[in-house]
Amino acid sequence: MKIATWNVNSIKARLENAERWLKDFQPDVVCMQEIKCIDENFPSQVFEDLGYNVAVHGQKTYNGVALLSKTPMEDILIGLPGDESDDHARFIEATITTQSAPVRVASLYLPNGNPTDTPKYPYKLGWMDRLITHAEELLKSEEPFVLAGDYNVIPTEDDVWDPGAWWGDALYRQETLDQYRRLTNLGLTDGFRTCHGQSHRYSFWDYQRGAWQKDHGIRIDHLLMSPQAADRLKGADIDRSPRGWERPSDHTPVWVEID
DNA sequence: ATGCCGGGCGAAGCCCGA
């Protein structure tokens, strides 16, 4: 089965592109971020007509995440545990039923954190604390799971077109990388990086300054897999094509295939 | 280094993203 993650930057603005990509690529599960609408305005019917079950954690104007799955979803978790006062819609998780073993899949939109001298940055680091705690809980089950989404983290210098220009940004600075390593060091596998050694493969290109045309991108959309999911990893890639379409999102889909 | 782009909201111009 193919599991994809895509920050669509408004599902209303991206509906045509999303439909086109789903028909082209036929993913089994899609983790969407930045849908930028409340649950009632998510175009669930469009996706149901394409054969998907839909779970949404929406929010007006900002954030918002969703899960699409060809097979039914169970035990849907809305919101990242650990802070009842956090009202950002940035996390949804469900168990994807399959013919063989079920897989737990999360769609997450990790806070950007800029500017770093404002409360936005400690919010990012605290959100990562909660994600680490939640991953620790999931690992106790020893079941396959995939934490997929827009992490707003550039893992290494190989994942950014100009490391010097980006160092110090909330996406690429020591405290952020320390937190990201705490997460991956629990035993999670970056699906794309495991399948591809080449550097400078990106999942985001800014709308400005011709970033797409110059391939000035960053790799910040990741699928982190539990040991039991990573054991079943058959392939992974970044699908650059939707970034080149008319009226694109600034992110493009990333996917893994597991058996 | 930035808000040059693009989206939301709402009907002009500001907020936000990375």
Side-chain angles (χ1 to χ4, degrees), chain A residues 5-19 21 31-43 56-66 86-91 107-128 131 148-177 179-180 192 200-222 238 240 242-254:
Chain A
T5 181
W6 191 9
N7 180 325
V8 294
N9 185 18
S10 169
I11 193 57
K12 183 182 172 195
R14 221 65 62 206
L15 189 55
E16 274 189 41
N17 283 6
E19 283 184 83
W21 187 71
C31 306
M32 284 187 182
Q33 301 88 38
E34 281 207 270
I35 62 170
K36 293 187 175 178
C37 65
I38 59 174
D39 294 10
E40 293 72 21
N41 291 342
F42 190 76
V56 185
H57 180 27
Q59 181 179 339
K60 183 178 165 73
T61 310
Y62 306 117
N63 311 314
V65 287
D86 183 1
D87 58 359
H88 292 203
R90 296 180 176 274
F91 191 91
S107 175
L108 66 92
Y109 179 41
L110 204 149
N112 175 300
N114 281 309
T116 54
D117 60 351
T118 69
K120 292 184 178 189
Y121 192 57
Y123 173 65
K124 175 177 194 158
L125 297 178
W127 206 94
M128 296 178 87
L131 184 60
D150 177 358
Y151 278 75
N152 273 314
V153 174
I154 299 167
T156 76
E157 62 186 1
D158 292 335
D159 301 308
V160 50
W161 67 279
D162 184 352
W166 277 87
W167 186 253
D169 188 278
L171 282 65
Y172 189 52
R173 56 165 38 217
Q174 198 59 53
E175 302 95 313
T176 302
L177 296 186
Q179 288 287 69
Y180 188 73
F192 173 80
H200 308 296
R201 293 286 310 276
Y202 309 127
S203 65
F204 168 91
W205 298 259
D206 200 295
Y207 289 122
Q208 300 178 81
R209 299 177 299 279
W212 166 247
Q213 289 75 11
K214 293 186 277 192
D215 199 26
H216 287 178
I218 52 180
R219 190 174 72 92
I220 56 174
D221 299 273
H222 311 300
I238 299 169
R240 291 166 53 100
R243 185 63 180 82
W245 294 347
E246 288 295 314
R247 221 178 165 209
S249 170
D250 39 10
H251 297 251
T252 210
V254 185

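Letters go in sequence order (proteins before strands), and every chain restarts at 1.
- Rounded to the nearest Å, the gap between the P atom of B/dA1 and that of B/dG6 is 24 Å.
- Atom name P, nucleotides B/dG3 and B/dC14: the rounded distance is 14 Å, in whole Å.
- Rounded to an integer number of Å, the gap from A/Tyr123 OH to B/dC16 C1' is 14 Å.
- Screening A/Trp161, A/Tyr151, A/Trp166, A/Trp167 for a ring pair (Phe, Tyr, Trp, His ring centres under 6.0 Å) with A/Tyr172, the sole residue that qualifies is A/Trp167.
- Between B/dG7, B/dC4, B/dG8, one nucleotide has an atom nearer to the side chain of A/Arg14 than all others, and that is B/dG7.
- In this structure, A/His251 reaches the sugar-phosphate backbone alone: every heavy-atom distance under 4.0 Å involves primed, P, OP1 or OP2 atoms, never a base.
- Using a 4.0 Å heavy-atom cutoff across all strands shown, A/Tyr172 reaches no nucleic acid atom at all.
- In terms of position on DNA chain B, the residue among A/Asp206 and A/Pro111 whose nearest nucleotide sits closer to the 5' end is A/Asp206.
- Residue order along DNA chain B, read from the 5' end via each residue's closest nucleotide, puts A/Trp167 first among A/Pro248 and A/Trp167.
- Between B/dC5 and B/dG10, the two P atoms lie 24 Å apart (nearest whole Å).
- Of all nucleotides listed (B/dG7, B/dG17, B/dC4), B/dC4 comes nearest to the side chain of A/Arg209.
- Remark: C1' of B/dG17 and CD1 of A/Ile220 are 10 Å apart, rounded to the nearest angstrom.
- Proximity of A/Lys120 to the phosphate of B/dG17: a side-chain N or O atom is located under 4.0 Å from OP1 or OP2.
- The aromatic rings of A/Tyr180 and A/His222 are tilted relative to each other, their planes meeting at an angle between 30° and 60°.
- With hydrogens and angles left out, the side-chain atoms of A/Glu34 and A/Asn7 include a donor and acceptor closer than 3.5 Å.
- Within the nucleic acid shown, A/Asp150 comes within 4.0 Å of sugar-phosphate atoms alone, with no base atom in reach, counting heavy atoms only.
- In the set B/dG3, B/dG8, B/dC16, B/dC16 carries the atom at the smallest distance from any side-chain atom of A/Tyr62.
- When only modelled atom types and interatomic distance are considered, A/Tyr123 and A/Asp86 share a side-chain donor-acceptor pair under 3.5 Å.
- Between the CG atom of A/Asp250 and the P atom of B/dC5 there is a distance of 14 Å, given to the nearest Å.
- Spacing of P atoms, B/dG17 relative to B/dA12, comes out at 25 Å, to the nearest Å.
- Residue A/Tyr207 contributes atom OH, which lies 14 Å from atom C1' of B/dG3 at whole-angstrom precision.
- One N or O on the side chain of A/Ser107 and one on the backbone of A/Met32 form a donor-acceptor pair closer than 3.5 Å.
- A cation-pi arrangement is present between A/Arg173 and A/Tyr121 under the rule of less than 6.0 angstrom and at most 45 degrees off the ring axis.
- In this entry the distance linking CH2 of A/Trp161 with P of B/dA1 reads 11 Å, nearest Å.
- Residue contacts shown for A/Asn7 are limited to sugar-phosphate atoms, with no base heavy atom under 4.0 Å away.
- Atom CE in A/Met32 sits about 16 Å away from atom P in B/dG7, given to the nearest Å.
- When distances run from any side-chain atom of A/Tyr109 to the nucleotides B/dG8, B/dG17, B/dC4, the shortest one goes to B/dG17.
- In this entry the distance linking CD of A/Gln208 with C1' of B/dG7 reads 13 Å, nearest Å.
- In this entry the distance linking CG of A/Asn114 with C1' of B/dC15 reads 15 Å, nearest Å.
- For the C1' atoms, the distance linking B/dA11 with B/dT2 amounts to 28 Å, nearest Å.
- Of the candidates B/dG3, B/dC9, B/dC16, B/dC9 carries the atom nearest the A/Lys60 side chain, counting heavy atoms from C-beta on.
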